[in-house]
Amino acid sequence: MPTSPSDPHRDASGEHAVRSGAGVFDLVVIGAGPAGLAGAVAAGELGLRTALVDAAELTGGQFYRGPSPALGARRPEALHHAWSAYADLRERLRHCPAVSHLPGHHVWSVVRDPGHADRWTVHALTGPDGTDRAPVRLAARGLLIAAGAVERHLPFPGWTLPGVVGAGGAQAMLKSGLVLPGRRIVVAGSGPLLLAAATSLTAAGADVPALVEATGYLGYARHPGALAANPGKAAEAVTHGGALLRHRVPLYARSAVTAAHGRQRVEAVTVARLDRRWRPVPGTARRIACDAVAVGHGLIPQLDLVTTLGCAVRPTADGTHAVATDRSLATSVPTVWAAGETRGIGGAAVALAEGELAGLAAGARLRGAAVPPARTARLRRRIARLRSFADAMAAVHAPGPGWPEWLTDDTEVCRCEEVTADRVREAAADLGARDTRTVKLLTRAGMGWCQGRICATAVACLATRYGASDAGPAPDRRPLAAPVPLAALAELPAESGPKTAEPT
Amino acid sequence: MKPRRTTSPARPRPTPRDVVGADPGPAFEITFDGRSVAALPGQSVAAALWAAGILAWRTTRGGGRPRGAFCGIGQCHDCLATVNGIPNRRACLLPARPGDAVTTQEGAGRADLAV
C-alpha cells in the first residue's frame with residue numbers, strides 16, 4: 001500500500017507526518033540531515049509533493065541531532081554549532097504543506113517500479129529501530145539521496161572494550177540522550193570531528209585528559225588557497241580551540257591511541273607518537289588513565305542505496321568513494337539526485353547548500369519550476385568554495401599506511417564476527433585471497449550484523465598490506481540497506497519482489 | 001611537557017542536562033538484569049543505561065566478551081540487547097518505556113532455539 005501526502009497529521013515533534021493513502025510523490029528525499037532537509041524544503045517551496053524520510057524521530061540528521069522533545073531541552077543549541085541554519089529550515093518545513101516528514105522510516109531498498117518505468121518504489125521499515133509497525137512503500141517520480149555518512153574506524157588493541165565508543169557515537173548519545181560514556185574521556189583519531197567532540201564533551205562536564213590527533217594540524221598549511229577562501233572555517237577552529245584551551249585539554253598531535261587497557265571496561269590508553277606514515281615511534285608510548293575513549297578517523301559516505309541503484313561513484317581525496325554527479329547534482333541515473341556527505345565528506349555547510357541546489361534541480365526537472373539563475377549560481381559558487389576546503393581536509397586527515405603496525409595478532413578487526421588481524425593476514429598472505437571479498441569469504445570479516453560498515457576500511461587496508469592486489473576500499477554493495485525481517489519480505493506483493501520461477 | 005590540569009573548585013561540574021536546560025518529565029524505572037535503573041522520558045535504552053554507569057549489555061557469540069553502544073546511531077549493532085524478552089533490539093535507537101526489562105543478550109540471544 002503506497003503512502004501519499006493526502007492525509008497529513010502532526011506528529012509529536014509538530015512536523016507533518018503521513019502514514020497511509022494513495023498517490024505518488026514528486027520527490028522522495030532519503031535522509032533528513034542538513035542536505036535532505038534543505039533539499040526537501042527547496043523542492044516543497046517550489047510546489048513539489050515531497051516526502052522527507054528518515055530513520056530518526058526528529059529532522060537534523062547526525063549533525064543537528066537533538067534531544068527528544070520529551071527531554072524538554074530549552075537550549076539544545078548549546079551542544080551544537082551553526083544551529084540557526086537548522087532552526088530556520090525547520091521553521092520553513094513547518095510552513096511547507098507540500099512536504100511530508102516521515103520520521104521513524106528505515107529505507108532498506110529503492111527499486112524502479114515494475115509497472116511504471118518512470119517511477120521509483122521506496123521500501124521502508126517503521127518504528128524507532130525498524131521493528132515496530134508494518135513496512136511502508138512510497139511511490140516517487142524522483143529521488144534525492146542524502147543518506148549521510150558513517151564514521152571511519154581503525155582498530156587498535158582493546159578497542160572492543162566497553163567504554164571505547166565512536167567519537168560520533170559519543171556526540172550522538174550526548175546530543176540525543178544527554179549522557180556521557182564516562183567522566184574522563186580520551187578523544188582520539190583524526191579529523192575535524194574530534195575538535196567538535198572534545199568541545200561538547202567538556203561543555204557537558206567531562207574531563208578530556210587527552211585529545212589525540214594522528215596528523216599535525218600544520219598539514220592545513222599545505223593548502224593555503226582552500227584556507228584563504230574559507231575564513232569561516234578558520235573561525236570555527238578558533239572557537240573550538242578557545243574552548244579546549246579554557247578546559248585545559250592537552251593536545252597530542254601526530255599521535256594515536258595504540259592500545260586501550262582494562263578488563264571489563266576501559267581503564268587507560270597507550271598514546272604513542274606517529275611518524276609521517278602513521279607508524280608508532282618506539283620509546284614514545286605513555287599511559288593515560290581514563291574511563292572512556294571517543295575515537296574516530298573521519299567519515300565515509302553512506303553509499304548503500306546509490307550503488308544498488310547503479311549510480312556512478314568516484315574515488316575521493318582520502319581513499320573512499322562518493323557518488324558522482326553533474327553540476328546540478330544529478331547522478332548518472334536519471335531522476336536520482338544526491339547531496340551532502342553522499343557526494344563526499346564536506347560538512348554541514350556544504351550539505352545545506354547542496355541539498356538546496358538538488359531540490360531546485362529536481363523542481364526544474366520534475367515540475368518545470370522556474371529557478372532564478374542567480375540563486376543557482378550563488379549556490380554553485382558556495383559549494384565549490386566549501387568543497388575545496390573539504391578536499392584539502394580530507395587529504396590532510398587520510399589515514400597513513402603505517403597504522404596496522406599498532407595492531408597485535410589478536411586485535412579484533414571485525415567487531416561483529418570477532419575476526420582478528422591475524423586471520424585477515426592469514427587469508428591474504430597464506431591462503432591467497434586477492435581481494436577483500438575473498439578475505440570476507442575466508443574469514444567472515446564484514447559478514448556480520450553491521451555488514452562491514454565498521455570494519456571495511458580496516459579489512460581493505462590489511463588485505464592490501466598482506467598481498468591482496470585489488471583490495472582498495474570498493475563502494476559497498478548491500479542490496480538491503482537496513483536489516484529486514486523475513487516477514488517484511490514475505491508480505492511484499494509478488495509484482496514488486498524478485499521474479500520467481502513458475503512451478504513445473 | 002603535559003599541561004597541568006586545573007579545575008576551579010568553586011564551580012560545580014556541569015551536566016549535559018544543565019547545558020541544554022533540560023526539564024524532562026519525571027524519571028521512570030526500567031530494569032537491567034533485574035536491577036532498577038532510572039530513565040528519563042525521551043531517552044533511549046542505551047542512554048538510560050549509560051546514565052546509570054552501565055556500558056555493556058551484550059556478550060559476543062565467539063569469545064563471550066562484553067559489548068555495549070559503540071556507534072550510537074544504529075549502524076554497528078554492538079548495542080543489541082534483549083528487551084522484554086525480545087533479543088536483537090538496538091538499544092541506541094529504542095526509546096526506554098516504563099517497566100522495560102532489559103537483560104544482557106548472550107551471543108545471538110536465541111538460546112531458546114538451540115538444539
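By convention in this document, chain letters (A, B, ...) are assigned in the order of the sequence lines, proteins followed by strands, and residues within each chain are numbered from 1.
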Verify side chain to side chain contact (heavy atoms under 4.5 Å, CB included) between B/Thr60 and A/Glu412, making sure each step is shown before the conclusion. CA-CA 12 Å; B/Thr60 59; A/Glu412 278 177 18; 5.7 Å; no

A/Arg75, CZ atom: more than 12 neighbouring heavy atoms under 6.0 Å: yes

So do B/Trp50 and A/Val165 actually touch side chain to side chain, heavy atoms under 4.5 Å? yes

Side chain from CB out, backbone as N, CA, C, O: work out which of these in A/Leu174 comes under 4.5 Å of a heavy atom of chain B, or both, or neither. side chain

How long is the straight-line distance from SG of B/Cys92 back to CE of A/Met173, given to the nearest 0.5 Å? 7.0 Å

Determine whether B/His77 and A/Arg415 make a side-chain contact, defined as any pair of heavy atoms from C-beta on separated by less than 4.5 Å. no

Could you tell me which non-hydrogen atom of B/Val19 sits nearest to which non-hydrogen atom of A/Ala78, and how far apart they are? O-CB, 3.3 Å

Chain A: which of B/Leu94, B/Asp78, B/Leu49, B/Leu40 shares the most heavy-atom pairs with it under 4.5 Å? B/Asp78

For each of A/Gly163, A/Ala292, A/Ala55, A/Ala70, tally heavy-atom pairs with chain B at distances under 4.5 Å, and name the one with the top tally. A/Ala70

Please identify, among B/Arg90, B/Gln43, B/Arg17, B/Arg67, the residue contributing the most non-hydrogen atom pairs under 4.5 Å to chain A. B/Arg67

Could you pull out the closest heavy-atom pair between A/Cys416 and B/Arg61, with the gap in Å? O-NH2, 3.3 Å

Would you mind checking which part of A/Arg183 comes under 4.5 Å of any heavy atom in chain B, side chain (CB onward), backbone (N, CA, C, O), both or neither? both

Taking all non-hydrogen atoms of both residues, which atom of A/Ala172 and which atom of B/Gly72 are closest, and how far apart? CB-O, 3.9 Å

Within the structure provided, determine whether A/Glu57 and B/Pro95 are in side-chain contact (heavy-atom separation under 4.5 Å). no

Would B/Arg58 and A/Trp449 count as a cation-pi pair here, with the cationic atom under 6.0 angstrom from the ring centre and within 45° of the axis? no

Closest heavy-atom pair and its distance - A/Cys450, B/Gln75: CB-O, 3.4 Å

Heavy-atom side-chain proximity of A/Ile454 to B/Phe70 below 4.5 angstrom: yes

Using non-hydrogen atoms and a 4.5 Å limit, figure out which bit of B/Ala91 sits close to chain A: side chain, backbone, both or neither. neither

Any B/Pro16 side-chain heavy atom under 4.5 Å of A/Leu180 side chain: yes

Can you give me the closest heavy-atom contact between A/Glu418 and B/Gly64, atom names plus distance? OE1-N, 4.5 Å

Are a donor atom and an acceptor atom from the side chains of A/Thr131 and B/Arg89 found within less than 3.5 Å of each other? yes

In terms of heavy-atom pairs under 4.5 Å with chain B, the winner among A/Leu201, A/Val179, A/Asp291 is A/Val179

Can you give me the closest heavy-atom contact between A/Gly177 and B/Ala47, atom names plus distance? CA-CB, 4.0 Å

Segment of A/Gln302 engaging chain B (4.5 angstrom heavy-atom cut-off): side chain

Determine the option with the most heavy-atom pairs under 4.5 angstrom with chain B, choosing from A/Pro181, A/Gly166, A/Ala56, A/Gly168. A/Pro181

Note: vs chain A, highest number of non-hydrogen pairs under 4.5 angstrom among B/Ile86, B/Ile73, B/Asn88, B/Asp18 is B/Ile73

Return yes when atom CD of A/Glu77 has more than 12 non-hydrogen atoms of other residues, nucleotides or ligands closer than 6.0 Å, and no otherwise. yes

